[in-house]
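Each remark here refers to the structure printed beneath this line.
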Amino acid sequence: MTRKVFLSNRPWQEAREEFLATLRAEGYLTELPVEEIEVTAALGRVTAAPVYAAVSSPHYPAAAMDGIAVRAEATFTAGEGNPLELALGHEAVTVDTGDPVPEGFDAVIMIEEVTFEDKGVAVIRRPAVPGQNIRPVGENIKAGELLVPAGHVLTPFDLGGLLSAGVTRVAVRPRPRVAILPTGTELVPPNPNPAPGQILESNGTMLAGLVTLWGGEPRVYPITPDDYRLLKERLLEAVAASDLVLINAGSSAGREDYTAGLVAEVGRVLTHGVATKPGKPVILGVVEGKPVIGVPGYPVSAALCAELFARPLIYYRQGLEPPRREQVRAVLGRKIYSPLGREEFIRVRLEKEGDRLVAHPTSRGAATIMALARADGIVVVPRLAEGFAAGQEVTVYLLRPLEDLAEEAYGSREE
């Protein structure tokens, strides 16, 4: 088997736009599937169509208080100096909160304002007004009212509203099924005693976690060794069962880096290599109308490529726009040097020093996953810049929600 090598150095934005445009043209991002599920299982799902109320809530005039239902007009003479006696069952009816208000009655007097002379008589000392303590039909929701639009991520409160309006099933976008294929003869399952030369497979779980956060449904396949025939079988199996395939490792141009040639054989490669650091050897391809991404093996490279290329696909496949990352402005704690020609993504920690927010670059190695785990954000150095000077103000793209960063240490949200 002859392996093709075609690493390019194109801007990642250009590569991503071509990738998305190709998938749109082939219907992957425009002809989105729909499934109908129980509302009780729909938390976090994205609506595929507007949802309207089946019934009003409440669907009958309901008592808003425990007390007695009365005809308001019959109580107008009641006062502190003129207690009014009402015959229970005829002039007044005992009701509890949520009970239907009996026909012919138009007010409810709360139980605290009623005394009972005996079992048959209620005494009041204040008149009622029509509609008092009664929830009218449709007070909360009216039948036919729009409850949620299409493309809405359902919250716990939405589910309560849907059920209150008699909606028990809802049309949603299926969670994108994402196959994650860890590859490499050197990979072994995580264990406390690896032999020299063995690498503990952790990227699969990391990528699966990212996919889950973005609304996808990940499946991590067993480790596949560097065997072209086995890799081909596994890729075709994953394509048939998934909406998106991530092949982890084998994306570079080494002796056993088969991913580019494999994707080219069974589909087509749109991009092999982008001008980023880390993440340069990423592969963007299409097999049987589905996106296949060759993700570099180093953890930080894998995470960045998933962020740049898999994340938007997962959101678009659900009919959503990818949310923008929160940003803050900070000054650099030390100079950053970056070679021309590649857009570099540098991890930083944020600290409050005096009245300013300071970004301190962390380790820049593509294999240093803990540097990524401990980072607060990313600073991006443009392709045509050689870095930033110490003390220069830069934009930091946050890796964790701003509210999770202590306010006294990290400053406030950028508007």
Side-chain angles (χ1 to χ4, degrees), residues 28-66 95-101 108 133-180 205 207-220 241-244 306-307 310-326 398 400-404 413:
Y28 178 84
L29 296 179
T30 53
E31 299 170 9
L32 302 180
V34 177
E35 65 179 353
E36 190 176 275
I37 63 173
E38 296 291 330
V39 167
T40 52
L43 180 64
R45 302 298 293 271
V46 181
T47 53
V51 183
Y52 299 90
V55 298
S56 295
S57 175
H59 60 277
Y60 58 88
M65 298 280 183
D66 295 344
V95 292
D96 294 323
T97 302
D99 283 350
V101 176
V108 171
N133 295 326
I134 292 178
R135 297 185 62 207
V137 172
E139 177 190 54
N140 180 32
I141 301 168
K142 290 181 172 58
E145 176 183 343
L146 175 65
L147 300 177
V148 291
H152 178 77
V153 180
L154 291 167
T155 69
F157 311 111
D158 293 326
L159 303 189
L162 295 179
L163 295 173
S164 296
V167 178
T168 60
R169 295 181 66 80
V170 62
V172 297
R173 300 291 179 201
R175 295 189 187 278
R177 299 163 300 170
V178 182
I180 300 168
T205 296
L207 292 171
L210 290 172
V211 167
T212 300
L213 289 176
W214 300 332
E217 186 177 278
R219 176 187 172 188
V220 181
S242 309
D243 301 303
L244 166 63
E307 171 86 18
R311 179 176 181 264
L313 286 180
I314 293 170
Y315 277 102
Y316 288 139
R317 185 71 174 171
Q318 298 172 83
L320 298 173
E321 285 290 324
R324 293 185 178 183
R325 282 208 175 274
E326 291 182 285
L398 297 178
R400 62 192 73 192
L402 190 61
E403 58 266 25
D404 289 353
R413 180 190 302 268

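In this chain, residues are counted from 1 in sequence order.
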Below 4.5 Å, heavy atoms only, C-beta onward: do [X] and [Y] meet side chain to side chain?
X: Val137; Y: Pro58; answer: no
X: Ile141; Y: Leu147; answer: yes
X: Val46; Y: Val153; answer: yes

List the residues meeting salt bridge (charged side-chain N to carboxylate O under 4.0 Å, His left out) with Glu139, not counting sequence neighbours, and say none if there are none.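 Glu139: salt bridge (charged side-chain N to carboxylate O under 4.0 Å, His left out) contacts with Arg135.
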Going by the rule salt bridge (charged side-chain N to carboxylate O under 4.0 Å, His left out), which residues pair with Glu35 if we only count those two or more places apart in sequence or in a different chain?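 Listed in chain order: Arg45.
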Mind jotting down which residue pairs meet the salt bridge (charged side-chain N to carboxylate O under 4.0 Å, His left out) criterion with at least one end in residues 314-324? Sequence neighbours excluded, please.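 Matches after skipping sequence neighbours: Asp243-Arg317.
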Among pairs that include at least one residue of residues 147-156, which meet salt bridge (charged side-chain N to carboxylate O under 4.0 Å, His left out), considering only residues two or more places apart or in two chains?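 Pairs touching residues 147-156 that pass the test: none.
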Kindly state each residue pair satisfying side-chain hydrogen bond (donor to acceptor under 3.5 Å, both in side chains) with at least one member in residues 157-173, sequence neighbours excluded.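 For residues 157-173: Glu36-Arg169, Glu38-Arg169, His152-Asp158, Thr155-Asp158.
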Can you pull out every side-chain hydrogen bond (donor to acceptor under 3.5 Å, both in side chains) where at least one residue sits in residues 46-65? Sequence neighbours excluded, please.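 Non-adjacent pairs meeting side-chain hydrogen bond (donor to acceptor under 3.5 Å, both in side chains): zero.
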Only counting residues at least two apart or in another chain, list the ones meeting side chain to side chain donor-acceptor pair (under 3.5 Å) with [X].
X: Thr205; result: none
X: Arg175; result: none
X: Gln318; result: none

Non-neighbouring partners of [X] that pass side chain to side chain contact (heavy atoms under 4.5 Å, CB included), sequence neighbours left out:
X: Leu29; value: Leu20, Leu23, Arg24, Leu313, Tyr316
X: Val39; value: Leu159, Leu162, Leu163, Val167, Val170
X: Ala179; value: Leu181, Tyr221, Ala238, Ser242, Val245

Nearest heavy-atom pair of [X] and [Y]: which atoms, and what distance?
X: Pro174; Y: Pro33; value: CD-O, 3.2 Å
X: Ala171; Y: Val34; value: CB-CG1, 3.8 Å
X: Ala54; Y: Ala143; value: O-CB, 4.2 Å
X: Val55; Y: Gly166; value: CG2-N, 3.9 Å
X: Leu146; Y: Pro50; value: CD1-CB, 3.8 Å
X: Ala310; Y: Leu244; value: CB-CD2, 4.2 Å

Without swapping roles, check the side chain of Arg311 against the backbone of Trp214 for a donor-acceptor pair under 3.5 Å.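 Not at all, since once roles are kept as given, no pair shorter than 3.5 Å links the two residues.
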Would a distance-only check, ignoring hydrogens and angles, find a side-chain to backbone donor-acceptor pair under 3.5 Å from Arg177 to Glu217?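 Pair absent, no side-chain N/O of Arg177 close to backbone of Glu217.
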